[in-house]
Amino acid sequence: MIERVHTVQVTLPYCSLILNETRIRCCNWDKGGGSLEAAAAGRRNPAPASGVTRLIILPALPPMTLTIAPQSAQPLTVNRLGYGTMRLTGPQIWGEPADRPQALDILKTAVKSGVTFLDTADYYGDDVTNRLIFEALHPYPANLVICTKVGATRRPDASWVPFNTPANLRTSIENNLRTLKQEQVQLVHLRLMGHGGVPLAEQLGAMFEMQKEGKIQHVGLSNVSPEELEAGLKLGEIATVENMYGYAQRTTLREAHGETHGGEEVLALCEQHGIPLVPFFSLVHGLPKAGDKMAELAKRRGVSEAQLNIAWLLHKSPMLLPIPGTSSLAHLRENLQAADIELSTEDMAFLG
């Protein structure tokens with residue numbers, strides 16, 4: 001529903017509208033007559049006006065930019081479809097990519113296509129994605145935000161273990177700065193591993209100390225419960241949250257190795273505090289269980305289920321910043337096209 005029009009630009013036979021800073025597709029006019037104001041407001045029978053024909057308004061796209069830490073001295077505005085680099089590594093998120101030239105091309109293509117938010121970690125590989133980012137993109141575009149994660153490390157058998165003492169966290173930050181060739185990491189997510197014996201206050205205290213030193217610009221949390229997020233907010237400024245979230249996997253997933261916290265459980269709290277939520281594993285865990293409704297609507301719209309899953313996230317909340325990852329250049333291009341899929345209120349209600 002259109003509530004008001006901030007700006008109307010008309011170049012017959014096409015026009016574009018800016019509605020509350022929300023994009024709307026170019027619209028055709030057809031014969032019929034009516035006032036521009038009434039047509040843009042969505043009324044069925046606008047009063048006649050000379051030289052103006054009826055406006056056909058297509059569904060508006062959700063806001064396509066998002067600002068991280070808007071109240072800070074250094075806010076970061078990014079496009080709302082980012083890219084997660086984890087899949088660029090070898091099997092089990094370990095070792096070099098099977099096709100290194102394609103991995104580099106994926107990063108270059110993503111940025112050339114408008115991606116301004118990359119998600120990485122020094123424990124992807126180890127160090128593989130950071131080194132790929134540097135090789136493909138350095139010197140970095142001024143509008144590119146590289147978000148990394150700390151709190152974990154890898155053993156030679158590729159297993160994941162906590163690495164979250166203050167000394168560990170400092171080692172990880174220094175390593176990210178070295179491999180990315182940066183003087184300051186723009187955004188760091190402290191990944192909570194659910195075990196390891198180091199209190200949250202001690203971990204975040206170390207992060208905020210490095211922020212004061214200028215090594216970190218903004219601090220975020222990853223894999224958090226609502227209680228952990230509320231505790232973190234009492235300790236300092238939390239810029240972003242990164243949790244598992246997809247259409248078919250919205251809540252905490254409990255497995256033998258531990259809990260992976262869901263985005264649905266913290267989304268309202270993030271919205272309340274103006275904190276962007278970065279969904280990970282939105283396709284890995286979501287698509288196999290998406291069900292008939294996702295398949296039906298995807299077929300009806302002529303898009304893939306992966307694209308519809310991404311579009312659902314973009315429409316679910318303006319505070320969501322999806323980062324679908326892939327090791328395929330073709331899939332990257334397909335994923336990026338999801339930003340152009342409009343879902344109506346009825347579509348979202350149908351999907352549930």
Tell me, with the steps shown, if Glu296 and Arg300 meet salt bridge (Lys or Arg N to Asp or Glu O under 4.0 Å).
CA-CA 6 Å; Glu296 179 183 336; Arg300 194 162 71 229; 3.3 Å; yes

Given salt bridge (Lys or Arg N to Asp or Glu O under 4.0 Å), test Lys149 with Asp122 step by step and report yes or no.
CA-CA 7 Å; Lys149 286 180 293 298; Asp122 65 344; over 6 Å; no

Lys293 and Glu305: salt bridge (Lys or Arg N to Asp or Glu O under 4.0 Å), yes or no, with the steps?
CA-CA 10 Å; Lys293 288 186 176 181; Glu305 289 188 50; over 6 Å; no

Report the C-alpha distance between Lys234 and Glu230 in whole Å, list the side-chain angles of each, state the deciding distance to 0.1 Å, and finish with yes or no for salt bridge (Lys or Arg N to Asp or Glu O under 4.0 Å).
CA-CA 7 Å; Lys234 293 176 182 177; Glu230 288 177 335; over 6 Å; no

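Side-chain atoms of Thr165 and Leu169, non-hydrogen and from C-beta on, never get closer than 4.5 Å to each other. Put simply, the side chain of Glu183 does not reach to within 4.5 Å of the side chain of Leu177, judged on heavy atoms. In this structure, Gln182 and Ile146 have side chains that are in contact, with non-hydrogen atoms separated by less than 4.5 Å. A heavy-atom distance below 4.5 Å is not found between the side chains of Leu277 and Leu321. You'll find the side chain of Met244 stays beyond 4.5 Å of the side chain of Thr251, heavy atoms only. Taking the side chain as every heavy atom from C-beta outward, Tyr247 and Leu351 approach each other to under 4.5 Å. Under the 4.5 Å side-chain criterion, counting only non-hydrogen atoms from C-beta, Thr326 is in contact with Asn335. The shortest side-chain heavy-atom distance between Val266 and His261 does not fall under the 4.5 Å cut-off.
Across all non-hydrogen atoms, the minimal contact from His218 to Ser72 is CE1-OG, 3.3 Å. The two residues Pro276 and Thr67 have their closest heavy-atom pair at CG-O, 4.0 Å. For the residue pair Leu332 and Ile106, the shortest heavy atom distance occurs at CD2-O, 3.4 Å.
The environment of Gln71 atom CD is sparse: at most 12 non-hydrogen atoms of other residues, nucleotides or ligands sit within 6.0 angstrom. Heavy-atom contacts from other residues, nucleotides or ligands closer than 6.0 Å to NZ of Lys181 number more than 12. Within 6.0 Å of CD in Glu271 there are more than 12 heavy atoms belonging to other residues, nucleotides or ligands.
Under a 4.0 Å N-O distance rule, the pair Arg191/Glu242 does not qualify as a salt bridge. The existence of a salt bridge linking Glu96 and Arg100 is confirmed by a sub-4.0 Å separation between a basic side-chain nitrogen and an acidic carboxylate oxygen.
A donor-acceptor contact closer than 3.5 angstrom links the side chains of Thr240 and His189. Using modelled atom types, one finds a donor on one side chain and an acceptor on the other under 3.5 Å when comparing Thr129 with Thr120. Residues Asn175 and Asp127 bring a donor and an acceptor atom of their side chains to less than 3.5 Å of each other.
In this structure, Arg80 is not positioned above the aromatic face of Phe117 in the sense of NZ or CZ being under 6.0 Å from the six-membered ring centre and within 45° of the axis.
Residue Ile133 is tested with Leu88, Leu144, Val128, Leu107 for a side-chain contact (heavy atoms from CB on, under 4.5 Å); the sole match is Leu107.
Remark: the backbone N or O of Thr65 is not paired with any side-chain donor or acceptor of Asn79 at under 3.5 angstrom.
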